[in-house]
2 protein chains.
Amino acid sequence: MNGSPNIARTAALIGDIARASMLSALMSGKALTASELAREAGVTIQTASSHLSKLEQGRLLKVRKQGRNKYFELASQDVANVLEGLMGLEAGTHPLKTRTGPSDAALRHARVCYNHLAGDMGIQLYDSLLANQYLKLANEKLILTRKGAQFVREFGIDIEHLQSAKAPVCRECLDWSERRSHLAGSLGRAFLQRFETLKWIKREEGSRIVKFSRHGDDAFNATF
Amino acid sequence: MNGSPNIARTAALIGDIARASMLSALMSGKALTASELAREAGVTIQTASSHLSKLEQGRLLKVRKQGRNKYFELASQDVANVLEGLMGLEAGTHPLKTRTGPSDAALRHARVCYNHLAGDMGIQLYDSLLANQYLKLANEKLILTRKGAQFVREFGIDIEHLQSAKAPVCRECLDWSERRSHLAGSLGRAFLQRFETLKWIKREEGSRIVKFSRHGDDAFNATF
DNA sequence: TTCATAGTTCGATCATAGTCGAACTATTCG
DNA sequence: CGAATAGTTCGACTATGATCGAACTATGAA
């Protein structure tokens with residue numbers, strides 16, 4: 001009965017359909033405005049405003065003000081993890097219902113998790129980096145090897161810039177669809193951005209689905 | 001807006017104070033009866049009954065009927081993980097409030113997480129097993145080495161019995177207080193039980209706190 | 001300044017669901 | 001067979017909070 005009221009507060013915050021829709025939308029990693037989130041959740045702007053201030057107060061969201069717009073995003077990777085965990089519970093619950101539609105299959109194949117690549121392709125990336133000893137698991141920490149740093153640099157990612165920031169470069173993230181780890185952290189984010197710039201992938205508007213172009217798919221498989 | 005209603009349903013289930021109290025109590029890993037859980041949550045038995053059936057329906061709890069008693073426990077390690085995640089969010093949110101009392105310090109030192117040891121001592125155990133190469137991280141899977149199996153057997157755990165069951169023997173679990181991994185899975189559970197039989201530890205009634213005896217503390221530190 | 005758009009605040013309405021008392025079933029123990 | 005204990009179901013009460021309309025502030029554009 002110790003920390004229970006606290007977890008109830010947070011869970012109740014997630015436990016509203018409108019707010020859950022907003023949080024789900026933000027799992028794409030993109031920062032969205034209040035109006036966009038209102039539309040996403042299917043409520044009026046006033047209602048959304050109320051929800052968003054609660055989510056911010058509950059430290060689930062982080063806000064950035066830009067002119068007359070207010071951009072919301074998930075407060076941290078930890079928040080994203082909890083949300084993924086909840087999705088995982090639901091997925092594990094109904095083993096029959098898991099493959100409901102094509103969008104579900106697409107999500108399992110490749111999707112955005114907060115700000116990095118998840119799904120089958122995310123796991124392939126992660127496994128390949130480990131197999132090539134670009135990443136190494138030391139204790140329970142994931143670290144980028146020297147060989148890995150060079151590879152990443154040649155792949156077109158400004159690794160020194162990432163390393164100079166205080167945020168962790170490599171981090172594991174558990175996949176709800178595969179129950180395997182994939183790469184998060186600022187490097188995970190950088191890979192996703194790089195794939196986008198290279199036009200290997202295209203992100204569906206308003207969803208977490210990541211679509212590989214024909215060329216991108218070939219190149220990805222050749223590289224990782 | 002895809003899986004959002006689902007996560008809202010689950011989160012709302014956790015988001016009630018009475019139910020959160022029950023779930024927290026069950027984080028001790030012990031199976032509790034409906035009346036015990038009612039007392040824990042501070043509601044009448046009728047109310048508890050209603051909550052418990054909802055939690056069961058929502059697949060957060062698993063029920064075992066024994067005579068005229070009904071024993072409830074968390075449905076899976078995944079459920080425990082989500083709950084730990086939620087606690088972690090709360091803990092990370094108020095960095096000032098983290099060290100509220102002595103019970104909090106005790107929880108950080110050694111506690112039960114679902115059915116295995118967590119907190120500082122849990123991490124010490126995990127690290128030691130890795131350092132001695134009793135455990136090994138291969139890809140993202142945790143495996144027990146041959147050397148490790150022998151050690152575990154000599155420590156008084158029937159490892160063959162664990163391995164014959166279908167449940168995973170070794171598993172990682174993330175600590176909310178330390179943000180480090182510790183050992184879960186059936187081996188984690190077996191260690192906890194073994195410590196109890198050896199009288200190294202004693203579990204406080206109705207809480208997650210694990211108390212090491214003077215002898216137990218010495219022995220633990222000598223062994224791990 | 002005037003207009004348009006983004007977001008907030010307030011107030012009223014309404015539905016959901018948490019709560020308990022009372023009456024029920026089910027199991028165990030003499 | 002009762003008597004006692006564990007848990008469930010039902011119904012009524014109530015409080016919380018989600019919702020929207022209307023009126024507000026704030027930023028940007030013309």
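Here is the naming used below: chain letters follow the sequence lines, and residue numbers restart at 1 for every chain. FYI, side chains are in, hydrogens and waters are out, and symmetry mates aren't considered; it's all heavy atoms of this structure.
- The two atoms that bring A:I14 and A:A20 nearest to each other are O-CB, 3.5 Å, heavy atoms only.
- Rounded to an integer number of Å, the gap from A:L55 CG to C:dG7 C1' is 16 Å.
- Whole-Å rounding puts the B:I45 CD1 to C:dG18 C1' distance at 17 Å.
- In this structure, CG on B:L13 lies 10.5 Å from CG on A:L86, to the nearest 0.5 angstrom.
- Here the C1' atom of nucleotide D:dA4 and the CG atom of B:N69 are 13 Å apart, to the nearest Å.
- Look at B:K70 and you won't find any side-chain N or O under 4.0 angstrom from OP1 or OP2 of C:dT27.
- When all heavy atoms of A:I7 and B:S24 are compared, the pair lying nearest together is CD1-OG, 4.3 Å.
- Atom OH of A:Y71 is separated from atom C1' of C:dG7 by 13 Å (rounded to the nearest Å).
- At the heavy-atom level, B:T33 lies under 4.0 Å from the strands shown only through sugar-phosphate atoms.
- Contact annotation: B:H51 side-chain N/O to C:dA17 OP1/OP2 distance is not under 4.0 Å.
- Taking NZ of A:K70 as the start and CG of A:L52 as the end, the distance is 8.0 Å to the nearest 0.5 Å.
- A:A18 comes within 4.0 angstrom of sugar-phosphate atoms only, judged by non-hydrogen atoms across all strands, and of no base.
- Listed pair A:T47 / D:dT19 fails the phosphate criterion, with no side-chain N or O lying under 4.0 Å from OP1 or OP2.
- Minimum interatomic distance between A:F72 and A:T33 (heavy atoms only, all atoms of both residues): CD1-C, 4.4 Å.
- Atom CG in A:L37 sits about 16 Å away from atom C1' in C:dT8, given to the nearest Å.
- Each end of the helix from C:dT1-D:dA30 to C:dG30-D:dC1 gets its own axis from five base pairs, and the two axes differ in direction by 30°, given to 10 degrees.
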**Study point:** Stepwise side-chain contact (heavy atoms from CB on, under 4.5 Å) test for B:H116 and B:L187
**Key:** CA-CA 9 Å; B:H116 53 267; B:L187 182 58; over 6 Å; no
Taking only nitrogen or oxygen atoms into account, show me every contact under 3.5 Å that the protein makes with nucleotides 21-30 of chain D, one pair per line with its distance.
| residue | atom | partner | partner atom | Å |
| --- | --- | --- | --- | --- |
| D:dG21 | N7 | A:Q46 | NE2 | 2.6 |

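- Spacing between atom CG of A:L52 and atom C1' of D:dG17 amounts to 16 Å, rounded to whole angstrom units.
- The side chain of B:K54 approaches C:dG18 more closely than any other nucleotide in the set C:dT8, D:dT19, C:dG18.
- The two residues A:A48 and A:A38 make their nearest non-hydrogen contact at CB-CB, 3.5 Å.
- The nearest whole Å value for the distance from the CZ atom in A:F72 to the P atom in C:dA6 is 14 Å.
- Checking the phosphate oxygens (OP1, OP2) of C:dG7, a side-chain nitrogen or oxygen of A:S35 falls inside 4.0 Å.
- Between A:H182 and A:Y126, the shortest heavy-atom contact is C-CD1, 3.6 Å.
- Distance, A:R39 CZ to C:dG7 P: 11 Å, rounded to whole Å.
- The pair B:E84-B:R111 meets the salt-bridge criterion, with a side-chain N (NZ, NE, NH1 or NH2) lying under 4.0 Å from an Asp/Glu carboxylate O.
- Rounded to the nearest 0.5 angstrom, B:F191 CZ and B:I157 CD1 are separated by 4.5 Å.
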